[in-house]
Amino acid sequence: MVECLRKSVGQDPFFGEEITHFLYFINHKYVESCPAVLESSFLNVNVADMHMMVSRPEQWVKPMAAAGANQYTFHLEATTNPGNLIKEIRESGMKVGLAIKPGTTVEELAPWANQIDMALVMTVEPGFGGQKFMEDMMPKVSWLRSQFPSLDIEVDGGVGPDTIHKCAEAGANMIVSGSAVIGSDDPRSVIALLRTVVAEAIQKRSLDR
Ligand SMILES: O=C(CO)[C@@H](O)[C@H](O)COP(=O)(O)O
């Protein structure tokens, strides 16, 4: 089943300023349809971050760039040649995100950290929203922040008002939140809370330096 999930973006201009995190988890025969879906979606988003939870991510770089994607995030586990894929993404004009599943160590990501724009630390097993936040992934975020102070570090999975403080204090500056936002009676206030907590943690880190 293919699910091209648009998060935190709608017609509401409030959401328009967020980065839109599009998820692809797929079985291949459907993925061809997604770039066309995205092209129509990009009309009202500022930045489209494509989280490609697919095997053989190489094959979708060009279609996603053509559809207007700004950032292409692939999983380290899904390729045998991360360096070549990073080069292809850059040559297509997109920023590079590199994601690791819970079972992948942050040391496996480290050799690529200076070549990417963003590291994505999954705090659930890729597959579907609404799963429980895996707090034991936070040391990965802390280690990345300590080694790469200016790297964008994203956390994805089970993030909401109850878990955002752990993510922000560990050093995450980009947050994917699905159920906590979409399932809320007041998505605006949830997004505002997530942003405030992260902004305050960033400010505290800069003061502590
Ligand atoms: O990436 C995935 C699953 O593969 C999800 O973690 C969603 O991206 C976030 O959904 P919530 O966990 O916030 O509901």
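Both counts, for ligands and for their atoms, begin at 1 and track the order of listing. The analysis underlying the following values was restricted to heavy atoms, covering all of them including side chains, and did not include hydrogens, waters or symmetry mates. A quick note: this is a predicted structure, and the numbers were derived from the prediction, not measured.
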message = Under 4.0 Å from a heavy atom of G130: which atoms of ligand 1 are those, numbered in the order shown and with their elements?
response = 11 (P), 12 (O), 14 (O)

query = Do any nitrogen or oxygen atoms of S179 come within less than 3.5 Å of a nitrogen or oxygen of ligand 1?
reply = yes

key: Polar proximity ligand 1 side, G127 side, N/O cut 3.5 Å exclusive   = yes

key: Donor-acceptor under 3.5 Å (Q131 side chain, E125 main chain)   = yes

request  = Quick one: pull up CE in M52 and CG in L85 and give me the separation to the nearest 0.5 Å.
outcome  = 10.0 Å

Ligand 1 atoms in contact with G157 (distance to a heavy atom under 4.0 Å) = 6 (O), 12 (O)

note = The atoms of ligand 1 lying under 4.0 Å from a heavy atom of V124, numbered in the order shown, are 6 (O)

task = Would you mind listing which atoms of ligand 1 come within a distance below 4.0 Å of any non-hydrogen atom of G158?
result = 11 (P), 12 (O), 13 (O)

key: D49 and N70: side chain donor to acceptor below 3.5 Å   = no

query = Roughly how far, to the nearest 0.5 Å, is CE of M122 from CE of M134?
reply = 9.5 Å

inquiry  = Show me which atoms of ligand 1 lie under 4.0 Å from any heavy atom of M53.
reply    = 1 (O), 4 (O)

inquiry  = With rounding to the nearest 0.5 angstrom, report the OG1 to CE distance, T123 to M138.
reply    = 5.5 Å

query = Counting from 1, what ligand 1 atoms have a heavy atom of M122 closer than 4.0 Å?
reply = 1 (O)

ask   = At what distance, to the nearest 0.5 angstrom, does CG of L120 lie from CE of M53?
value = 8.5 Å

request  = Answer yes or no: does atom CD of Q203 have more than 12 heavy-atom neighbours from other residues, nucleotides or ligands under 6.0 Å?
outcome  = no

message = Using a 4.0 Å cutoff against the non-hydrogen atoms of P126, which atoms of ligand 1 qualify?
response = 4 (O)

task = For ligand 1, indicate whether the residue S177 contacts it via side chain, backbone, both or neither (heavy-atom separation under 4.0 Å).
result = backbone

key: Atom indices of ligand 1 within 4.0 angstrom of D156 heavy atoms, with elements   = 1 (O), 2 (C), 5 (C), 6 (O), 7 (C), 8 (O), 9 (C)

Straight-line distance of Q71 CD to I116 CD1, nearest 0.5 Å = 9.5 Å

ask   = Would you say ligand 1 has an N or O under 3.5 Å from any N or O of Q131?
value = no

